[in-house]
Q: 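Structure incoming, see below.
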Amino acid sequence: MKYALVTGGSRGLGRAICIALSQQGIPVIINYQSNHKAAEEVRDVIVSSGGWAELLQFNVGCEQEVSSALDKWEQEHPDDYIAYLVNNAGIRKDSVMFMMPEQNWHDVINTSLNGFYYVTRRLLPKMMMRKHGGRVVNMASLSGIKGMPGQTNYSAAKAALIGATKALAQEVASRNVTVNAIAPGFIETDMTKDLPQDELKKLIPMNRFGKAEEVASLVVFICSENASYITGEVISINGGLYT
Ligand code: NAP
């Protein structure tokens with residue numbers, strides 16, 4: 001069986017992506033860091049609509065946790081492999097740079113960038129061995145393309161993720177593994193709930209924040225056979241906001 005692993009699948013974009021992939025008949029592994037209740041709720045939604053989902057708790061930014069959780073999963077699933085990897089887990093710790101505590105710099109980069117490295121490196125060998133290949137989808141951001149004041153840590157992490165996406169895509173293309181990044185603008189989730197939505201939406205040509213389900217539909221497309229010749233791309237989804 002070909003599984004999907006969605007990091008940060010307990011809330012926001014990850015939650016919608018887990019549900020949307022399961023609706024395609026793909027069994028889903030819901031990763032989360034600490035919010036067990038939210039992760040269980042996502043699993044319940046999927047299972048109650050006839051899909052298959054299981055939980056896998058680990059901190060993407062901790063190599064030991066990533067390895068031991070995925071080792072255990074593979075031991076329990078000898079005939080299965082993770083063909084779809086959505087590197088979605090991410091955090092924001094905004095402040096202007098001259099006041100930014102060192103910890104906030106490292107935490108944001110560790111989650112988005114090192115998390116991508118630890119999880120993807122661990123799963124790539126099996127994806128590359130299987131003749132059906134695989135899909136790696138990295139959740140970048142508009143902030144990683146244009147830079148956002150107050151987010152030097154986050155913009156740096158997401159810009160680096162975009163660079164890594166382009167490099168890795170070329171490394172694994174011949175093995176039928178595609179690697180793409182998605183760059184959302186403002187999407188309604190817990191991550192953006194403290195932002196002044198009424199002010200910010202005036203900047204967006206569509207005059208609204210996006211919905212998690214709209215991003216999830218894009219992930220479903222990238223994971224589909226229809227997207228088999230798309231790799232190394234950064235696909236924006238932002239309601240027309242300048243990039
Ligand atoms: P969110 O609502 O804050 O949810 C974050 C998710 O990531 C939660 O499931 C959380 O798990 C998980 N997570 C955080 N740190 C983790 C770690 N170290 N290990 C494992 N899981 C971890 O965020 P979101 O808005 O859905 O954002 C998802 C991704 O999209 C992020 O990479 C974000 O940077 C990117 N993005 C979001 C927007 C937006 O407007 N929302 C725009 C551009 C890009 P717990 O529930 O256990 O805490």
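For ligands, and for the atoms within them, numbers begin at 1 and follow the listed sequence. All figures in this text were calculated on a predicted structure; none of them were measured in a lab.
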Q: So Leu55 and His36, do their side chains get closer than 4.5 Å, heavy atoms only?
A: yes

Q: To the nearest 0.5 Å, what is the distance between CD (Glu213) and CD1 (Ile17)?
A: 10.5 Å

Q: Could you name the option among Thr189, Asn88, Ile187, Val215 that has the heavy atom nearest to atom 40 (O) of ligand 1?
A: Ile187

Q: Any N or O on Tyr154 sitting closer than 3.5 Å to an N or O of ligand 1?
A: yes

Q: To the nearest 0.5 Å, what is the distance between CG (Leu124) and CD1 (Ile82)?
A: 11.5 Å

Q: Are the side chains of Leu5 and Val86 in touch, meaning some heavy atoms are under 4.5 Å apart?
A: no

Q: Please examine the side chains of Lys93 and Ile91, heavy atoms only from C-beta on, and report whether any two atoms are closer than 4.5 Å.
A: yes

Q: Under a 4.0 Å heavy-atom limit, does Leu142 contact ligand 1 with its side chain, its backbone, both, or neither?
A: neither

Q: Rounded at 0.5 Å granularity, tell me how far CG in Asn88 sits from CZ in Arg11.
A: 10.5 Å

Q: Note the single closest protein heavy atom to atom 11 (O) of ligand 1, along with its residue, its atom name and the distance in Å.
A: Ser10 OG, 3.3 Å

Q: Going by the closest heavy atom to atom 5 (C) of ligand 1, which one wins out of Gly12, Gly14, Gly90?
A: Gly90

Q: Tell me the contacting part of Thr7 for ligand 1: side chain, backbone, both, or neither, using a 4.0 Å heavy-atom threshold, strictly below.
A: neither

Q: Counting only heavy atoms, which portion of Arg15 has something under 4.0 Å from ligand 1: side chain, backbone, both, or neither?
A: neither

Q: Please work out whether the ring planes of Phe186 and Phe209 are parallel, tilted or perpendicular, with thresholds of 30° and 60°.
A: parallel

Q: Once you restrict to heavy atoms under 4.0 Å, what part of Phe209 touches ligand 1? Side chain, backbone, both or neither.
A: neither

Q: Any N/O of Gly8 closer than 3.5 Å to an N/O of ligand 1?
A: yes

Q: Please answer: with hydrophobic residues joined when any side-chain heavy atoms are less than 4.5 Å apart, are Val66 and Val137 in the same cluster?
A: no

Q: At a 4.0 Å threshold, what atoms of ligand 1 neighbour a non-hydrogen atom of Met139?
A: 29 (C), 30 (O), 35 (C)

Q: Any atoms of ligand 1 less than 4.0 Å from a non-hydrogen atom of Ile91? List them with their elements.
A: 14 (C), 15 (N)

Q: With nothing but distance in play, are any N or O atoms of Thr192 less than 3.5 Å from an N or O of ligand 1?
A: no

Q: Please identify which atoms of ligand 1 are closer than 4.0 Å to at least one heavy atom of Phe58.
A: 19 (N), 20 (C)

Q: Could you say whether the N/O atoms of Tyr32 and ligand 1 ever approach to under 3.5 Å?
A: no

Q: With a 4.5 Å heavy-atom cut-off, do Leu85 and Val119 have their side chains touching?
A: yes

Q: Taking the basic N atoms (NZ, or NE/NH1/NH2) and the acidic carboxylate oxygens, is any pair closer than 4.0 Å for Lys211 and Glu214?
A: no

Q: Judged by non-hydrogen atoms, does Gly185 sit under 4.0 Å from ligand 1?
A: yes

Q: I need the contact type for Ala38 against ligand 1. Using non-hydrogen atoms and a strict under-4.0 Å cut-off, is it side chain, backbone, both or neither?
A: neither

Q: Going by the angle between their ring planes, with limits at 30° and 60°, are Trp73 and His77 parallel, tilted or perpendicular?
A: parallel

Q: Does even one non-hydrogen atom of Ala212 get within less than 4.0 Å of ligand 1?
A: no

Q: With a cut-off of 4.0 Å, which atoms of ligand 1 are near a heavy atom of Asn31?
A: 20 (C), 21 (N)

Q: Check whether any heavy atom of Lys158 sits under 4.0 Å from an atom of ligand 1.
A: yes

Q: If the threshold is 4.0 Å, N to carboxylate O, is there a salt bridge linking Lys126 and Glu74?
A: yes

Q: At under 4.0 Å between heavy atoms, is it the side chain or the backbone of Thr111 that contacts ligand 1, or both, or neither?
A: side chain

